[in-house]
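Okay, so here's the structure we're looking at.
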Amino acid sequence: MAPPLKIAKPRNRISSMAGYAPGEQPLRGESVVKLNTNENPYPPSPRVLEVFANVSPDDLRRYPDPAANAFRDAAAKLYGLERDQIIAGNGSDDILNIAIRTYLDAGDILAYPDPTYSLYPVLAGLQDVTVAPVPWEAGWKLPVNALLATGARAIFVAHPNAPSGTPVALEALSDLASRFDGLLLVDEAYAEFAEHSALSLLSVHKNVLISRTLSKSYSLAGVRFGYGLSDPSIISEMMKVKDSYNCDALSILAATAAISDQSYAKGAWEKVKAERTRLTAELVARGWDVISSQANFVLGRPPSGDGAGLYAQLKARGVLVRFFNLPGLTDKLRITVGTPEQTRALLAALDG
Ligand code: PMP
């Protein structure tokens, strides 16, 4: 008789959690209007494509530079910072994860205004960190006092916020940083589409970490590259925690080429911002309640208030958008800003 099959038991924390649910990725070649994961609808800079065309066998054979210094130097030049103020990551999700693992012990509190990026509680849970979601004040204003009152050791704020697209006032972030003893992470995944950024806080506050990504603003979501900007005291601690080869050789080359071509990237940002205005107006004309967005997506409530139903209807018509089955979001849909052609297809699916 065969011995009984053994089943390995995961940590209780893991077996009882749901895990993060990413937006759907269609198969290669599948034809859909993809407005569900905030990818940039334009291709990356031609310099990035050149990098891939010229990859050498040694680029593949050798381990990558563990510190991604070529990228750090290019980013330092771009932002007027020093190399030791920059850490590279496998997407900005990696930066968020490294920050949690560097600054929070099991049982510590991570606070954030809510609703926001739904990955924060997942990453915190994996480290047995407790989360303290604090409702945004009316008009999506940063609840500074309530965040401070949580007793958190770290606070995450997405600017612009996801999924609302709303900006966070610089004065409020600065006020929070100056009154807080822990790490303040400003998640600027969408900042290139916004009217201001928190970069100026870096020269004033030593406890601020800004995370950025190449996924949206540089059209490189498939490559996975993000980075953190902060005081060297924070970066050096995070360097100890990251996986030694957290960025692969090709992503380092691609990301370095992408941020070195600012004029190309800015052209794409302008097109996305113009289309955001048009998409917002078209939805409002159809009776939607749309929150004014500074990101590359909009969050809106259709007249029916039935987010799930409309999501399914659009999907059946070949248009993917994002529905969040979360408190306060079930009557809304989040729609990525695409090309004018994609907007037309979305509107046709809505009107048809
Ligand atoms: N922060 C926010 C607010 C996001 O919406 C996303 C994208 N899902 C990320 C960070 C992570 O992006 P990436 O890992 O592709 O850099």
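Order of listing sets the numbers, starting from 1, for every ligand and every atom in it.
Among all protein heavy atoms, the one lying closest to atom 7 (C) of ligand 1 is Lys216 NZ, 3.0 Å. Among all protein heavy atoms, the one lying closest to atom 12 (O) of ligand 1 is Ser92 OG, 3.4 Å. Regarding atom 11 (C) of ligand 1, its nearest protein heavy-atom neighbour is Asp93 OD1, 2.9 Å. Remark: minimum distance from atom 3 (C) of ligand 1 to any protein heavy atom is reached at Asp187 OD2, 3.4 Å.
Considering backbone and side-chain N/O of Tyr20, none are found under 3.5 Å from N/O of ligand 1.
Using the six-membered ring where Trp is involved, Tyr218 and Trp269 have ring planes that are perpendicular, over 60° apart on the 30 and 60° scheme.
Close contacts between ligand 1 and Gly91 involve ligand atoms 14 (O), 16 (O) [criterion: under 4.0 Å to a heavy atom]. Atoms of ligand 1 found under 4.0 Å from any heavy atom of Ser215, numbered from 1 in the order shown, are 13 (P), 15 (O), 16 (O). Listed by number with element, the atoms of ligand 1 under 4.0 Å from a non-hydrogen atom of Thr213 are 13 (P), 15 (O), 16 (O). In summary, the atoms of ligand 1 found under 4.0 Å from a heavy atom of Ala189, numbered by their order in the structure, are 1 (N), 2 (C), 10 (C). Within the listing of ligand 1, atoms 13 (P), 14 (O), 15 (O) sit less than 4.0 angstrom from a heavy atom of Arg224.
Side-chain atoms of Asn38 and Tyr190 form a donor-acceptor pair, as typed in the model, at a separation below 3.5 Å. Using modelled atom types, one finds a donor on one side chain and an acceptor on the other under 3.5 Å when comparing Gln25 with Lys34. A donor and an acceptor atom, one from each side chain of Thr343 and Glu275, are located under 3.5 Å apart.
The pair Asp105-Arg153 counts as a salt bridge, with a side-chain nitrogen and a carboxylate oxygen less than 4.0 angstrom apart. By the 4.0 Å N-to-carboxylate-O rule, Glu282 lies close enough to Arg278 to be salt-bridged with it.
At distances below 3.5 Å, not a single donor-acceptor pair connects side-chain atoms of Asp94 with backbone N or O atoms of Gly226.
With distances taken over non-hydrogen atoms, the option nearest atom 5 (O) of ligand 1 out of Phe156, Tyr190, Tyr117 is Tyr190.
Closest approach of Pro163 to Phe297, counting heavy atoms only: O-CE1, 3.3 Å.
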